[in-house]
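In what follows, a single structure is set out as C-alpha cells and then discussed.
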Amino acid sequence: MQAFTNENKIKYLGVNEYFFLTENLEFTNGSEVQGAVRFIVVNKRKNLERTVKSVIENELDESEKTVIKLFYYNGFSALAISKICKMARSSVYRNLNSGLRKIENAIKYVLEYEGFSAEMSADELVKFVKGAVS
C-alpha cells in the first residue's frame with residue numbers, strides 16, 4: 001500500500017470536519033493545518049454550489065427557475081423580468097422568494113448534515129446562487 005503524506009491523506013479522505021483531520025492526522029506545523037482548513041472550505045463551497053445547481057434544476061418549478069436565472073445570472077430587474085415573462089412584478093418577487101427559500105433550506109440541510117453551522121446571511125445565499133447559475 002502506498003504511503004500517504006498528510007496532503008494526500010486529506011485528498012484521499014475528501015472533505016471531513018476540521019476536528020476529524022486534526023485528531024486523526026499528524027500535522028507538523030500550523031501551515032499544514034491551515035492548508036487542510038482551506039481544502040475543506042474550498043470543497044464545502046464547491047459542494048454547496050453543486051447543491052444549489054441541483055435545486056435550481058430539479059426542485060424549483062419553471063417560473064421560479066426562470067426568474068432566478070434572469071435575476072441573478074442575467075442581472076435583469078424585477079420590472080424587466082415581469083415584462084419578459086408576462087407576469088406581475090409581485091409574481092416575480094414571489095417566485096424569487098420561494099425559489100431562494102428552497103435553495104436556502106437545501107444549503108442549510110447540507111451544512112448541518114456535514115457538521116457546519118447553518119447560519120447564513122442573505123448576502124452569502126446570493127453568492128451561492130450567483131455561483132451556481134453562472
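If you read the sequence from its start, that first residue is 1, and numbering goes on from there.
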Supply the atom-to-atom distance [X] [atom1] to [Y] [atom2], rounded to the nearest 0.5 angstrom.
X      : Y      : atom1 : atom2 : value
Lys65  : Lys102 : NZ    : NZ    : 10.5 Å
Ile56  : Ile103 : CD1   : CD1   : 4.0 Å
Leu100 : Ile68  : CG    : CD1   : 4.5 Å
Asn97  : Glu64  : CG    : CD    : 10.0 Å

Would a 4.5 Å heavy-atom cut-off, applied to side chains only, mark Tyr109 and Thr51 as touching?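 The answer is no, as the side chains (C-beta and beyond) never meet within the 4.5 Å cut-off.
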pair Thr66-Phe71: side-chain heavy atoms closer than 4.5 Å: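 They are not in contact (no side-chain heavy atoms under 4.5 Å apart), so the answer is no.
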Kindly list each side-chain donor-acceptor pair under 3.5 angstrom involving residues 78-93, sequence neighbours excluded, with atom names and distances?
residue, atom, partner, partner atom, Å
Ser82, OG, Leu79, O, 2.6
Ser91, OG, Arg94, NH2, 2.9

Quick one: list whatever passes side chain to side chain contact (heavy atoms under 4.5 Å, CB included) with Asn105, sequence neighbours left out. Arg101
Keeping Glu57 on the side-chain end and Ser54 on the backbone end, is there a donor-acceptor pair under 3.5 Å?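 Here the side-chain-to-backbone pair does not exist.
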Is a donor on one side and an acceptor on the other found under 3.5 Å between the side chain of Asp61 and the backbone of Ser63? yes
